[in-house]
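Notes follow the structure.
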Amino acid sequence: MLRVVFMGTPEFAVPSLESVHKRHTIVGVFTQSDKPVGRGLDVRFCPVKAKALQLGLNVFQPEKASAPAEFERLKELNPDIIVVVAYGQILKKNVLELPRLGCVNVHSSLLPRWRGAAPIQWAILQGDSLSGVTTQRLVEKLDAGPILLQETTPLSADETASSLHDRLAQIGANLLARTLEGLASDTLKEVIQDESKVTYASKLTKEMEWLNPAEAAATLERRVRALNPWPGTSLKLGQRLKVKQARARDVRGVQGQVFHRAGMILLGTSEGSLDLQRVQWDGKREIGPEEFMNGLKGKGQSLPLEVKSIR
């Protein structure tokens, strides 16, 4: 049984925290500071903190885990290993070299593909057929440490960021258990990453929200599946129309025009059309094609409608 310091913040890290807690002694949980959320700016615990408190674990929320005072606290905790799962802070050399078994990271991609902040979304955006989880040793360079274990999972034709996130979180928890067992018994062989195969998953931005009809329908469908719930995907039709669910269709239409055919609401693109299956006007509830058409009729409007420029 290992003495473990666990570092993580979002929902993705919770299954890994539970997995470690079942098998080892967690001497401390480090997570990001509480932040105000919502219109009332209520302070809400992050998922890892909430689960750690439920499990009766000691929680620490330093501004910088590598700062001198926090480093001293880590030394007092005397961990055999530090586990990092979407913590949100870069650890410096002093922390990385502290535990006798080093620091291990659970990363939601098949490294060296998709190093960086948003690997789940970029795997879908780029149409990857496989995703997975990597456990790796942490080094000072982002996601560049030696690979310990990997597990793959196929991406379905209707894969969303939400469905892939939840699946990879569970895969990661199981893979972490095997990784810690292998490190404790000194039976794991490290594999150096092939730098020629590195790709980067940059941070998502609010500007990525707008769907551009100049792109192919298949590309836009992947954007809808990858970018919900945040930043979401939308069209400018006078007011913002959020696109919650869509499917690429081999239907010819005028690029940039929203039209109606065979019970479908379609957006003409540079290649095929995008079937807008679930949409939502700003401040309204999510609706399907029939309610969308009825809503236009109630306003004295009809299709086709032209998409406004995203520039």
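Quick note: numbers below take in every heavy atom, side chains included, and nothing from hydrogens, waters or symmetry partners. From a predicted model like this one, the values you see are computed outputs, not experimental measurements.
- For the atom pair CD of Glu97 and NZ of Lys92, the computed distance is 14.0 Å after rounding to the nearest 0.5 Å.
- The cluster map of Ile, Leu, Val, Met, Phe, Trp and Tyr, joined by side-chain heavy atoms under 4.5 Å apart, puts Phe6 and Ile81 in the same cluster.
- No more than 12 heavy atoms of other residues, nucleotides or ligands sit less than 6.0 Å from atom NZ of Lys93.
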Candidate pair Trp122 and Ser109, rule side-chain contact (heavy atoms from CB on, under 4.5 Å), full reasoning
CA-CA 10 Å; Trp122 279 100; Ser109 83; over 6 Å; no
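- Hydrophobic clustering (side-chain heavy atoms under 4.5 Å, transitive across Ile, Leu, Val, Met, Phe, Trp, Tyr) groups Leu183 together with Val20.
- Here Leu235 contributes atom CG and Glu209 contributes atom CD; the two are 9.5 Å apart, rounded to the nearest 0.5 Å.
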Where do Asn105 and Thr135 land on the side-chain contact (heavy atoms from CB on, under 4.5 Å) test, with the steps shown first?
CA-CA 6 Å; Asn105 175 235; Thr135 53; over 6 Å; no
Any chance you could lay out the side-chain contact (heavy atoms from CB on, under 4.5 Å) test for Asp128 and Arg113, step after step, and finish with the verdict?
CA-CA 10 Å; Asp128 290 1; Arg113 187 161 179 81; 2.9 Å; yes
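- Remark: side-chain polar atoms of Glu159 are paired, donor with acceptor, to backbone N or O of Ser156 under 3.5 angstrom.
- Under the 4.5 Å side-chain criterion, counting only non-hydrogen atoms from C-beta, Ile171 is in contact with Thr153.
- When all heavy atoms of Leu57 and Leu53 are compared, the pair lying nearest together is O-CD2, 4.3 Å.
- The side-chain heavy atoms of Ile265 and Val258, taken from C-beta on, include a pair separated by under 4.5 Å.
- Across every non-hydrogen atom of Lys75 and Leu98, the tightest pair is CG-CD1, 3.6 Å.
- Under a 4.0 Å N-O distance rule, the pair Glu291/Arg285 qualifies as a salt bridge.
- Here the closest heavy-atom approach between residue Lys203 and residue Ala117 is recorded as CG-CB, 3.6 Å.
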Take Gln193 and Arg115 through the side chain to side chain donor-acceptor pair (under 3.5 Å) test and state the conclusion after the steps.
CA-CA 11 Å; Gln193 293 189 43; Arg115 291 180 184 177; 3.1 Å; yes
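- Between Ser66 and the choices Leu74, Val95, Ile90, the side-chain contact (heavy atoms from CB on, under 4.5 Å) rule is met once, by Val95.
- Residues Ile120 and Ala161 share a closest heavy-atom pair of CG2-O, 3.8 Å.
- Not a single donor-acceptor pair under 3.5 Å links the side chain of Thr152 to the backbone N or O of Ser131.
- Leu241 and Leu296 fall within the same hydrophobic cluster, defined by Ile, Leu, Val, Met, Phe, Trp and Tyr side-chain heavy atoms under 4.5 Å apart, directly or through other members.
- Counting non-hydrogen atoms of other residues, nucleotides and ligands closer than 6.0 Å to CG of Asp186 gives a total of 12 or fewer.
- Separation of atoms CD (Glu215) and CG (Leu220) is listed at 5.5 Å; rounding is to 0.5 Å.
- In this structure a side-chain-to-backbone donor-acceptor pair under 3.5 Å is missing from His107 to Pro119.
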Determine, stepwise, if the pair Met1 / Arg23 fulfils side-chain contact (heavy atoms from CB on, under 4.5 Å).
CA-CA 7 Å; Met1 183 176 288; Arg23 297 167 174 85; over 6 Å; no
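- Between Gln277 and the choices Lys244, Arg247, Gln245, the side-chain hydrogen bond (donor to acceptor under 3.5 Å, both in side chains) rule is met once, by Gln245.
- More than 12 heavy atoms of other residues, nucleotides or ligands sit less than 6.0 Å from atom CD of Glu195.
- Here the side chain of Ser234 pairs no donor or acceptor atom with the backbone of Trp210 at under 3.5 angstrom.
- Atoms CG and CZ, from Asn228 and Arg223 in turn, are 11.0 Å apart once rounded to the nearest 0.5 Å.
- With hydrogens and angles ignored, the 3.5 Å screen pairs a side-chain donor or acceptor of Asp80 with a backbone N or O of Arg3.
- In this structure, a donor-acceptor pair under 3.5 Å is absent between the side chains of Ser273 and Arg252.
- Considering only heavy atoms from C-beta on, Val224 stays 4.5 Å or farther from Leu227 through its side chain.
- Atom-to-atom distance recorded for Lys49:NZ and Leu17:CG is 14.0 Å, nearest 0.5 angstrom.
- Counting heavy-atom neighbours within 6.0 Å of Asp250 CG, excluding the residue itself, gives a total of 12 or less.
- Side chains of Thr160 and Ser162: no donor on one and acceptor on the other come within 3.5 Å.
- Using a cut-off of 4.0 Å between Lys/Arg side-chain N and Asp/Glu carboxylate O, Glu70 and Arg73 are scored as salt-bridged.
- Using a 4.5 Å cut-off on side-chain heavy atoms (C-beta onward), Val59 and Thr31 make contact.
- Both Leu276 and Leu237 sit in one connected hydrophobic cluster of ILVMFWY residues. Membership requires side-chain heavy atoms under 4.5 Å apart, directly or through other members.
- Inter-residue side-chain proximity for Met7 and Val85 is flagged as unmet; no heavy-atom pair is nearer than 4.5 Å.
- Counting heavy atoms from C-beta outward, Arg249 and Leu266 have side chains that approach closer than 4.5 Å.
- Contact annotation: the side chain of Arg240 approaches that of Lys242 to within less than 4.5 Å [non-hydrogen atoms, C-beta and beyond].
- Ser19 contributes no side-chain N or O that, together with a main-chain N or O of Pro15, makes up a donor-acceptor pair within less than 3.5 Å.
- Residues Ser270 and Ala216 come closest through the heavy atom pair OG-N, 3.3 Å.
- From Ile82, atom CD1 reaches atom CZ of Phe30 across 7.5 Å, with rounding to the nearest 0.5 Å.
- Atom NZ of Lys197 sits in a sparse spot, with 12 or fewer heavy atoms from other residues, nucleotides or ligands closer than 6.0 Å.
- Checked by atom type and distance alone, the side chain of Gln61 pairs as donor or acceptor with a backbone atom of Gln32 at under 3.5 Å.
- Using a distance-only test at 3.5 Å, with no hydrogens or angles considered, a donor-acceptor pair links the side chain of Arg222 to the main chain of Leu125.
- Under the 4.5 Å side-chain criterion, counting only non-hydrogen atoms from C-beta, His24 is in contact with Leu180.
- In summary, the aromatic rings of Phe292 and Trp281 are positioned with their centroids under 6.0 Å apart.
- Side chain of Glu286 to backbone of Gln280: no donor-acceptor contact under 3.5 angstrom is found.
- Following chains of ILVMFWY side-chain contacts shorter than 4.5 Å, one cannot reach Phe12 starting from Leu110, and the two form parts of different hydrophobic clusters.
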For residues 139-151, which side-chain N or O atoms pair as donor and acceptor with protein atoms under 3.5 Å away, sequence neighbours left out?
from, atom 1, to, atom 2, distance (Å)
Asp143, OD2, Gly116, N, 2.7
Gln150, NE2, Leu111, O, 2.9
Gln150, NE2, Thr134, OG1, 2.8

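- Using a 4.0 Å cut-off between charged side-chain N and carboxylate O, Arg225 and Glu221 make a salt bridge.
- Within 6.0 Å of the CD atom in Glu63, the count of heavy atoms belonging to other residues, nucleotides or ligands does not exceed 12.
- Under a 3.5 Å cut-off, the side chain of Gln89 and the backbone N or O of Pro62 do form a donor-acceptor pair.
- Glu271 CD: 12 or fewer foreign heavy atoms inside a 6.0 Å radius.
- Residue Glu181 places its CD atom among 12 or fewer non-hydrogen atoms of other residues, nucleotides or ligands, all under 6.0 Å distant.
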